[in-house]
Amino acid sequence: MKIALVGLGRTGRIVAEYLLEQDALAMVLCKPNSLSANSDLGELLNIKPTGIMLETTAHLEKKLFHKKPDVLIDFSSHHFLKENIHTLAKCGVNVVTAVTEYDRAEIEKFKALADKGNIGIVMAPNITYGVNVLMLMAEIAAEILGDYDFDVFEEHHKYKKDRPSGTAMKIANKIRNGLATQKEIPEHVVRAGGIVGKHKVSICGEFDKLEISHESFSRVAFAQGAYKAAQFIAGKTGFYEMSDIFDSERRQRRQHAVMHPKTIELEKEDPA
Ligand SMILES: NC(=O)c1ccc[n+]([C@@H]2O[C@H](COP(=O)([O-])OP(=O)(O)OC[C@H]3O[C@@H](n4cnc5c(N)ncnc54)[C@H](OP(=O)(O)O)[C@@H]3O)[C@@H](O)[C@H]2O)c1
């Protein structure tokens with residue numbers, strides 16, 4: 001699978017290194033006015049030359065036809081996809097976008113295009129596996145502990161523009177889904193220093209309290225999630241979220257367990 005990457009900021013650089021290790025990176029894109037345009041990616045990452053030159057997003061269609069990536073991973077800003085979604089669809093390049101700044105209208109536009117079968121998109125404002133498990137657990141807790149008070153806390157570095165984070169809002173939605181009655185779910189935000197990302201759900205009753213938390217302490221966690229999503233979306237059309245990828249993996253694991261019950265029995269008896 002050949003991957004193009006757009007956005008070489010705090011996160012994109014780590015993603016680029018990770019994709020180089022996977023031997024999956026075919027193309028990197030930067031803004032038309034970027035000072036790094038036409039330099040080797042290795043120079044930007046302070047590693048040996050990679051042979052991959054930074055290309056601007058100008059004349060994107062021609063560049064995509066030439067390099068033919070299967071999937072583009074987007075860690076830039078909401079401007080990129082808004083301006084280039086039709087070009088990507090035309091060139092048959094699917095998208096994993098980790099960008100968190102889209103408004104509802106933008107998301108609806110991308111979804112409509114993907115639902116028509118023109119392109120495959122993974123919309124992933126919450127790209128790590130761990131935080132998706134947290135969401136699942138929060139929804140289950142809301143189903144069972146409906147009379148408890150739920151609060152969502154999130155902490156990120158001081159440069160993060162959106163507040164609360166897309167993930168915090170999604171966690172709150174999951175809790176609302178799980179609850180039988182409507183209830184306010186306060187969201188508490190900290191923007192400080194270099195915090196990579198932390199989300200916590202506090203579930204407080206009269207006599208006891210439960211907390212579920214997730215912390216990313218390396219941006220490699222984002223790179224791993226993005227690569228998984230790229231592997232999933234390659235060759236597909238339609239609109240997906242990270243939870244669809246996990247659900248599909250869980251279904252496959254369950255099917256495997258049903259079809260191979262003896263193997264699992266043996267593994268339990270003899271872990272070696
Ligand atoms: N889903 C997740 O779990 C997750 C995790 C981490 C980050 N994110 C999201 O990923 C995005 C980037 O985060 P970051 O912290 O890495 O930000 P950042 O350090 O500001 O980096 C953004 C990069 O994208 C480039 N860029 C912006 N608009 C562009 C465009 N239209 N075309 C091409 N390149 C463009 C910027 O170029 P210039 O420097 O030249 O402006 C910069 O290199 C944010 O939306 C953030 O919330 C999501």
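Computed from a predicted model, the values in this text were never measured in an experiment. For ligands, and for the atoms within them, numbers begin at 1 and follow the listed sequence.
- Among G166, G225, A124, the residue whose heavy atom lies nearest to atom 1 (N) of ligand 1 is A124.
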Y102 vs F110, test: ring pair (Phe, Tyr, Trp, His ring centres under 6.0 Å). Steps then yes/no.
CA-CA 10 Å; Y102 300 115; F110 302 151; 5.3 Å; yes
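- Ligand 1 has a nitrogen or oxygen under 3.5 angstrom from a nitrogen or oxygen of K160.
- Of the protein's heavy atoms, at least one falls inside 4.0 Å of atom 44 (C) of ligand 1.
- Shown here are the side chain to side chain contact (heavy atoms under 4.5 Å, CB included) partners of A223, two or more places apart in sequence or in another chain: V15, Y18.
- Between the side chain of T167 and the backbone N or O of P125 there is at least one donor-acceptor pair closer than 3.5 Å.
- In this comparison of G7, A98, S76, the heavy atom closest to atom 11 (C) of ligand 1 sits on S76.
- Within the 4.0 Å heavy-atom shell around ligand 1 one does not find L29.
- Salt-bridge check for E154 with R191: passed, with a basic side-chain N closer than 4.0 Å to an acidic carboxylate O.
- Distances between N or O atoms of T57 and those of ligand 1 include no value under 3.5 Å.
- Partner Y159 forms a side chain to side chain contact (heavy atoms under 4.5 Å, CB included) with one of H156, H157, K161 and no other, that one being H157.
- Contact check for R10 versus F222: no side-chain heavy atoms found under the 4.5 Å cut-off.
- Geometrically, ligand 1 and D162 share no nitrogen or oxygen pair separated by less than 3.5 Å.
- Residue T128 has no nitrogen or oxygen atom sitting less than 3.5 Å from a nitrogen or oxygen atom of ligand 1, judged on distance alone.
- Residue contacts with ligand 1 for S34 are absent, since no atom lies close enough (heavy atoms, distance under 4.0 Å).
- At under 3.5 Å, a nitrogen or oxygen of K31, whether backbone or side chain, sits near a nitrogen or oxygen of ligand 1.
- Looking at N126 against ligand 1, only its backbone comes within 4.0 Å, counting heavy atoms.
- Listed for the N126 side chain is no donor-acceptor partner under 3.5 Å among the backbone atoms of N132.
- With respect to E249 and R253, a salt bridge is recorded, a charged nitrogen being found less than 4.0 Å from a carboxylate O.
- For atom 40 (O) of ligand 1, a protein heavy-atom neighbour is found at a distance under 4.0 Å.
- Only the side chain of F222 comes within contact range of ligand 1, with a heavy atom under 4.0 Å; no backbone atom does.
- In T11, the parts holding a heavy atom less than 4.0 Å from any atom of ligand 1 are both the side chain and the backbone.
- Listed here is the closest heavy atom pair of I175 and V201: CD1-CG1, 3.8 Å.
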